[in-house]
Amino acid sequence: MNAAENVRVRIAPSPTGAMHLGLVRTALFNWLFVRGQGGKFILRIDDTDAQRNQAEVVRPILEGLRWLGIDWDEGPEVGGAYEPYFQSERSRWHAEAVERLLHTGHAYWDYATPEEIDAERKQAIESKQGVFRYSRRWMAEGPGERHRFEAQGRRAVVRLKMPSAGRLELDDIVRGRVEFEWLREQDHVIQRQDGTVLYHLASAVDDAQMRISHVIRAEEHLSNTPRQVFILQALGYPMPRFAHLPFVAEPGSRNKLSKRKLAQYLRNRDFAELVEHGRRLLDRVGVGPEEVPNPVTVDFYREAGFLPEALVNYLALLGWALDDHSELFSREELVAAFSLERVNRSPASFDPLKLMAIEVRHMLALPVEERVRLTRPWLVRAGLVLRPVAPQVERTLSAVVEAAGDRIKVTGDILDYAGFFTSDDALEYDRAAFEKRLRAPGATDLLRRFRDRLVSVEPFTAPVLEDLLARFVAEEEVKVGAVIHALRVALTGKPVGFGMFETMAILGRESCLARIERALVRAESTEER
RNA sequence: GGCCCCAUCGUCUAGUGGCCCAGGACAUCACUCUUUCAAGGUGAAGACACGGGUUCGAUUCCCGUUGGGGCCGCCA
């Protein structure tokens with residue numbers, strides 16, 4: 001076995017619903033690091049016994065990771081040499097660790113009640129020192145004492161017996177040297193009265209037993225590291241390397257991004273726009289506002305039609321940079337370029353605009369067939385296209401995707417061109433645009449005369465049509481704008497869109513004539529006014 | 001309150017003592033192109049939080065201040 005195979009990293013999410021973007025970023029950095037090293041990426045679920053129905057509860061996380069292309073070598077559904085990968089199933093090892101800690105004097109039974117502890121804590125915090133250190137007043141040193149306390153009806157928790165002198169010096173890969181005074185660390189509880197263990201104990205033990213070599217996690221855990229180091233040392237386990245990542249912060253601030261503060265983020269214009277964009281698209285395929293996933297979770301981006309490689313690329317740039325100019329990376333390029341040493345120390349806020357910019361670049365880098373494959377389901381879901389998709393419709397879709405270019409940012413944006421897939425007599429018009437362009441003085445007469453030329457022009461292709469219009473406006477002595485705007489509204493129902501001649505060619509002569517005719521009739525009728 | 005972390009344009013960042021009166025990207029603005037909306041092209045505006053040191057010389061090193069964040073649970 002070579003050194004690379006000893007590189008083992010993990011993410012250990014607790015299954016609490018959808019997958020938060022911060023978790024995604026942590027997972028990504030772990031994955032990028034280990035794929036570059038040739039080591040193993042482990043997915044462990046830090047669930048608790050209270051959570052039932054394992055498979056159901058981890059589904060959002062598994063789906064999120066899979067969608068992003070972040071694969072795991074060991075963990076749920078794939079197994080591995082260090083099973084089980086659900087923390088709740090590892091309690092016998094946790095109990096065994098607590099036993100050893102007790103036996104070696106690194107932990108003790110404590111019979112204080114929660115109220116007594118609270119009182120001490122409160123007093124300590126109000127005092128000048130400001131540091132809470134449990135008095136160990138109800139610490140039971142031997143069996144005799146335990147019996148005595150238990151006779152009083154007290155029940156014990158197990159606490160860590162933290163050192164009272166010296167310091168811990170940690171060489172964090174991203175933060176450099178960090179020092180802690182042991183004196184400031186508390187006698188944390190590692191086992192509850194009911195015998196179940198707490199997260200820090202379980203996590204440290206699981207990491208050690210799973211041979212985790214690098215603990216790469218969010219900065220919030222930096223302050224928790226001393227107690228885990230203590231547990232590891234006391235148990236005689238080798239020390240992993242630590243790398244504490246900066247937070248993914250809220251749009252426009254340095255606060256940690258949180259699932260619960262969505263309402264507040266919606267006050268950020270850019271973020272609100274991003275969310276609105278997704279909601280609008282989902283609404284058109286029958287997904288109500290209540291069913292739209294939280295945009296602080298990965299589900300939103302998947303549902304709204306973002307490209308996973310774009311999200312990955314963007315998130316990689318949040319807290320990491322290769323140099324002063326590289327921004328666009330494929331997954332493979334990221335793996336090759338990534339290093340923990342180049343991870344930033346300061347929090348990076350989530351910028352919806354930049355995400356969108358990266359998204360567009362990735363979208364444009366895709367071949368047309370691929371974009372067709374990704375956009376097609378939206379048309380089907382919206383009921384605009386029937387399965388199996390007819391060859392004629394397929395050709396239209398391909399042409400629309402091609403012509404729309406960077407206007408299709410997320411896959412759902414194909415719905416902006418729904419007009420190409422509706423029947424000629426079902427086209428909906430933008431009311432304001434219709435008024436402005438088709439009810440302008442002389443607009444219908446001009447459009448009708450141009451329509452007449454369309455009947456016989458051959459072939460019905462963009463260059464020929466462009467030439468036709470050029471000659472037409474010259475003869476009529478009007479500007480191009482006088483007819484083209486009315487034409488656009490008549491053909492697409494909208495004031496904006498891609499090239500007019502491509503639009504006409506894609507629709508074909510028959511549709512163009514029918515749509516113009518329909519628009520003319522409507523424009524000249526009075527009832528619509 | 002204690003401890004820990006952080007601090008370059010609005011945002012993401014490059015920068016490890018002189019190449020920087022600070023470079024790139026997104027966003028913004030102007031001009032240009034143009035049948036609309038984008039895109040493209042050209043250009044503009046925009047930052048080293050502050051105060052002390054160290055040094056011939058600090059964005060870069062040290063100290064302090066300020067500001068921001070995190071942790072201090074019988075949560076994970």
Side-chain angles (χ1 to χ4, degrees), chain A residues 12-16 46-48 87 110 112-114 117-118 121 124-132 155-159 170 172 174-175 178-181 183-186 188-194 196-200 202-203 218-227 244 246-247 249 251-256 270 314 317-328 342 344-358 360 364 404-409 416 433 437 466 469 473 479-485 487-489 492 494-501 503:
Chain A
S14 60
T16 52
D46 280 7
D47 59 346
T48 64
Q87 192 159 77
D110 175 49
T113 64
I117 290 290
D118 280 348
R121 194 192 329 271
I125 286 172
E126 281 168 6
S127 78
K128 299 196 179 50
Q129 275 211 312
V131 202
F132 167 57
R155 296 194 58 199
V157 296
V158 177
R159 283 184 188 276
L170 214 64
D172 190 281
V174 342
R175 264 145 232 285
V178 184
E179 301 184 356
F180 299 90
E181 302 263 356
L183 180 64
R184 307 276 172 192
E185 298 301 320
Q186 302 183 33
H188 292 283
V189 173
I190 53 175
Q191 187 180 86
R192 299 182 182 89
Q193 282 186 2
D194 68 5
T196 57
V197 300
L198 273 85
Y199 166 78
H200 288 289
S203 185
E219 189 195 330
E220 60 183 305
H221 290 287
L222 185 54
S223 300
N224 298 327
T225 307
R227 77 180 92 159
H244 287 94
F247 285 114
S253 108
R254 291 274 155 128
N255 291 21
K256 186 174 110 175
D270 299 335
Y314 174 68
L317 260 20
L318 235 41
W320 173 86
L322 175 62
D323 51 36
D324 64 345
H325 64 277
S326 307
E327 292 212 303
L328 245 46
R342 289 197 64 84
N344 268 302
R345 282 176 295 277
S346 48
S349 57
F350 183 82
D351 181 354
L353 254 23
K354 183 90 177 208
L355 199 214
M356 202 50 111
I358 299 278
V360 176
L364 241 27
D406 65 359
R407 292 170 185 82
I408 296 179
K409 297 170 162 47
D416 285 342
R437 299 303 186 185
E466 181 162 11
L469 182 74
V473 297
K479 286 189 288 184
V480 175
V483 23
I484 211 159
H485 295 301
L487 192 56
R488 182 181 300 283
V489 175
T492 69
K494 297 178 174 203
V496 301
F498 49 77
M500 200 62 250
F501 307 108
T503 298

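When reading the values below, keep in mind they use all heavy atoms of this one structure, side chains included, and skip hydrogens, waters and symmetry mates. Just so we're on the same page: letters track the sequence lines, and every chain starts at 1.
Residue side chain A/Lys354 does not reach the base of B/A27 through any donor-acceptor N/O pair under 3.5 Å, judged by distance alone. Side-chain atoms of A/His325 and base atoms of B/A25 include no donor and acceptor less than 3.5 Å apart.
Using a 4.0 Å cut-off between charged nitrogen and carboxylate oxygen, A/Arg175 and A/Glu219 count as a salt-bridge pair.
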Between the protein and nucleotides 46-51 of chain B, list the N/O to N/O atom pairs that are separated by less than 3.5 angstrom.
none

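Within 4.0 Å of A/Gly405, counting heavy atoms only, lies no atom of the nucleic acid at all. Using a 4.0 Å heavy-atom distance criterion, A/Asn255 is classed as a sugar-phosphate-only contact. Residue contacts for A/Phe247: at a heavy-atom cut-off of 4.0 Å it reaches the sugar-phosphate backbone alone, with no base atom in range. A/Glu220 comes within 4.0 angstrom of the backbone, heavy atoms only, and of no base. Residue-level contact check: A/Arg407 touches the bases, meaning some heavy atom is under 4.0 Å from a base atom.
Comparing A/Leu318 and A/Arg121 by the nucleotide of RNA chain B that holds the closest heavy atom to each, the one mapping nearer the 5' end is A/Leu318. Place A/Glu181 and A/Gly499 on RNA chain B by their nearest nucleotides, and A/Glu181 ends up nearer the 5' end.
The listed nucleotides are B/U36, B/C12, B/C74; the one nearest the side chain of A/Leu317 is B/C12. Nearest nucleotide to the side chain of A/Phe132, out of B/C26, B/G73, B/A39: B/G73. Of the candidate nucleotides B/A76, B/C72, B/U35, B/A76 has the atom lying nearest to any side-chain atom of A/Tyr199.
A/Thr492 and A/Arg488 are not linked by any side-chain donor-acceptor pair at a separation below 3.5 angstrom, with hydrogens and angles left out of the test. Under 3.5 Å, the side chains of A/Thr196 and A/Asp194 contain a donor-acceptor pair of N or O atoms.
B/C4 atom P lies 17 Å from atom CZ of A/Arg345, rounded to whole Å.
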